[in-house]
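Data first, discussion second: the structure below is written as structure tokens.
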Protein chains: 2
Amino acid sequence: MRNAEFDKEKVLRAAMCTFLVNGYAKTSMQDLTKATGLHPGSIYCAFDNKRGLFIAAIEQYQQDRSQQFEQLFANEHSALDNLSRYLALIVQEGLSCDATQSCLLTKSLSEMGEQDEQIKQITCNFLQSWHLALAQVFETAKQQKLISAQSNSQFLAQYLVMGIYGLRTVASTQPDIDVLQPLADKLLADLIRQ
Amino acid sequence: MRNAEFDKEKVLRAAMCTFLVNGYAKTSMQDLTKATGLHPGSIYCAFDNKRGLFIAAIEQYQQDRSQQFEQLFANEHSALDNLSRYLALIVQEGLSCDATQSCLLTKSLSEMGEQDEQIKQITCNFLQSWHLALAQVFETAKQQKLISAQSNSQFLAQYLVMGIYGLRTVASTQPDIDVLQPLADKLLADLIRQ
DNA sequence: AAAATACTTGAATGTATGTTCAATAAATAA
DNA sequence: TTATTTATTGAACATACATTCAAGTATTTT
């Protein structure tokens, strides 16, 4: 027996960044060996092929984002304050003009959803679980009497998801705080309005 | 002298569809010769190279969309009715599950914006002119006293742009009328609210 | 009609790519 | 220690790709 020498999470995050900057198709194995420090054979041994590494990177991405999400919402603050902080974070990411801060799930879905059914399934499932997590936040807001008891948490979460997708795209054309912050503010206001 | 034998607009729309389905990187010259009916040499003669054909296809896309937009809004109906019809169209496109109905500008920006500055500029400019056209619609709504005179048309258009970006992404994960229509309805309602 | 011009054809070219593999090294088990 | 298993190395491979080009064809100009 012999264990792998490399740190799997580090390798996956390096691959993740490379895929985020170049996209899947334009990321070469050479890019990946440079970014991860692994030789081709090691990548094929550990992840089967380029696509396998990509899928593993997507899964790592989801895990990292989920953990970040839980950390942000795991407190006793008002759910709406947490939502506000969450949107501020997304605005910040948009301002950074850093491709490694954008969403690997939507980017991959946009690039490959049409041609790779499995990757479409994986990304859609992860996006769906994000939607559900947001719905939970609105449920909490309801319990905290911050929004009307008649509110449809599911729907509000869907609307917020839509808004965040849109906000990220706007950020890619206008990474400007004076553009993004008012949009985020109105989005939140429209969500909590009775 | 001798004129090209092919119909340039037809060729560009065929290329457009191919790029929309496969993305730029995964569209091969072979795909393009098959889709357009042109031989490689003809493509290189008319458009320089694959990238030149891509840029020409983007420009054709913008022209087609602008024309469609103007047709939809060139009437004496209420500006809000026109907006409502416009959103219904976008919902329809989302339901179609047809990659050729999605937005070539945002898709190209997402795929290549990080690596090709010129394509980033072109797509951002076209998206910006769309934003301006929508701002004009809100100006009209203001003149028609359909929205408050204090409304910021520029901002409302930006918010609508954000919503449409988001709606299109939601459609790619859930092409379901029961998901998309309520989102479009709330988006419009939030726009015209005082 | 003849010359000139410009488009069309499709095979050929060189390059870049994802992948494989045999040799080597390291770790564990017997 | 020895045997066995598994990871690492990096050169080699086959393929697929964007692009070129020389020959052929059609149209216009003189």
Side-chain angles (χ1 to χ4, degrees), chain A residues 1-58 60 104 108 111-112 114-119 122, chain B residues 1-58 60 104 108 111-112 114-119 122:
Chain A
M1 276 282 240
R2 183 186 172 192
N3 292 328
E5 290 175 1
F6 59 86
D7 179 338
K8 200 161 192 172
E9 290 195 6
K10 272 192 181 176
V11 162
L12 289 178
R13 291 198 187 100
M16 191 191 295
C17 290
T18 311
F19 286 127
L20 271 167
V21 171
N22 304 325
Y24 176 77
K26 273 227 167 168
T27 296
S28 67
M29 283 303 295
Q30 207 173 349
D31 293 333
L32 291 168
T33 57
K34 190 191 286 185
T36 63
L38 296 186
H39 292 252
S42 295
I43 293 179
Y44 280 80
C45 181
F47 305 104
D48 282 4
N49 51 29
K50 178 183 165 186
R51 184 169 170 276
L53 175 55
F54 183 63
I55 291 173
I58 287 179
Q60 183 68 49
L104 185 59
S108 304
E111 182 182 356
M112 315 181 66
E114 206 62 28
Q115 306 151 67
D116 192 317
E117 188 59 33
Q118 193 191 346
I119 282 170
I122 291 172
Chain B
M1 278 282 239
R2 181 185 173 193
N3 292 329
E5 288 175 2
F6 58 87
D7 179 338
K8 200 163 191 170
E9 291 195 4
K10 272 192 180 176
V11 162
L12 289 178
R13 291 197 186 99
M16 190 191 296
C17 289
T18 311
F19 286 127
L20 272 167
V21 172
N22 304 326
Y24 177 75
K26 273 227 167 169
T27 297
S28 67
M29 284 302 295
Q30 208 174 350
D31 293 333
L32 291 168
T33 58
K34 190 192 284 185
T36 63
L38 297 186
H39 292 252
S42 296
I43 292 179
Y44 280 80
C45 181
F47 305 103
D48 282 5
N49 50 30
K50 177 183 165 187
R51 185 169 169 277
L53 175 55
F54 183 62
I55 290 174
I58 288 179
Q60 183 67 49
L104 185 59
S108 304
E111 181 182 356
M112 315 181 66
E114 206 62 27
Q115 307 150 68
D116 192 317
E117 187 59 33
Q118 192 190 348
I119 281 171
I122 292 172

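We name chains A, B, ... by the order of the sequence lines, and we start the count at 1 in each one.
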* Over all atoms of both residues, closest heavy-atom pair of T27(A) and T18(A) -> OG1-O, 3.5 Å
* To do: Would you tell me if any nitrogen or oxygen in the side chain of H39(A) comes within less than 4.0 Å of OP1 or OP2 on dT8(D)?
  => no
* Gap between atoms CG and C1', on L38(B) and dT25(D) respectively (whole Å) -> 16 Å
* Asked: Restricting to pairs with a member in residues 29-49 of chain A, which pass side-chain hydrogen bond (donor to acceptor under 3.5 Å, both in side chains), not counting sequence neighbours?
  -> S28(A)-D31(A)
* To do: Identify, with sequence neighbours excluded, every residue that meets side-chain contact (heavy atoms from CB on, under 4.5 Å) alongside Q115(B).
  => K26(A)
* Asked: Honestly, is K50(B) close enough over Y24(B), meaning NZ or CZ under 6.0 Å from the six-membered ring centre and within 45° of the axis?
  -> yes
* **Terminal axes of the helix from dA1(C)-dT30(D) to dA30(C)-dT1(D) (five pairs each): angle between them, nearest 10 degrees** => 0°
* What is the distance from atom CG of L12(B) to atom CD1 of I58(B), rounded to the nearest 0.5 Å? -> 11.0 Å
* Structure fact -> Taken in chain and number order and not counting sequence neighbours, the residues that satisfy side-chain contact (heavy atoms from CB on, under 4.5 Å) with E114(B) are V21(A), A99(A)
Restricting to nitrogen or oxygen on both sides, can you table the protein-nucleotides 16-22 of chain C pairs closer than 3.5 Å?
| from | atom 1 | to | atom 2 | distance (Å) |
| --- | --- | --- | --- | --- |
| dG18(C) | OP1 | T27(A) | O | 3.2 |
| dG18(C) | OP1 | K50(A) | NZ | 2.9 |
| dG18(C) | OP2 | M29(A) | N | 2.6 |
| dT19(C) | OP2 | Y44(A) | OH | 2.4 |
| dT19(C) | OP2 | K50(A) | N | 3.1 |
| dT19(C) | O5' | Y44(A) | OH | 2.8 |

* **Parallel, tilted or perpendicular, as decided by the 30° and 60° cut-offs, for the rings of F47(B) and F6(B)** => tilted
* Euclidean distance, atom NZ of residue K26(B) to atom C1' of dA16(D) [Å, nearest integer] -> 12 Å
* Got a sec, which residues hit side-chain contact (heavy atoms from CB on, under 4.5 Å) with Q118(A), two or more places apart in sequence or on another chain? -> R51(A), I55(A), D116(A), I122(A)
* Asked: For the pair made of CZ in F6(A) and P in dT6(D), what is the distance, rounded to whole Å?
  -> 15 Å
* Asked: Distance check: side-chain N/O of S42(B) vs OP1/OP2 of dT8(C), anything under 4.0 Å?
  -> yes
* F54(B) CZ to dA18(D) C1': how many Å, rounded? -> 16 Å
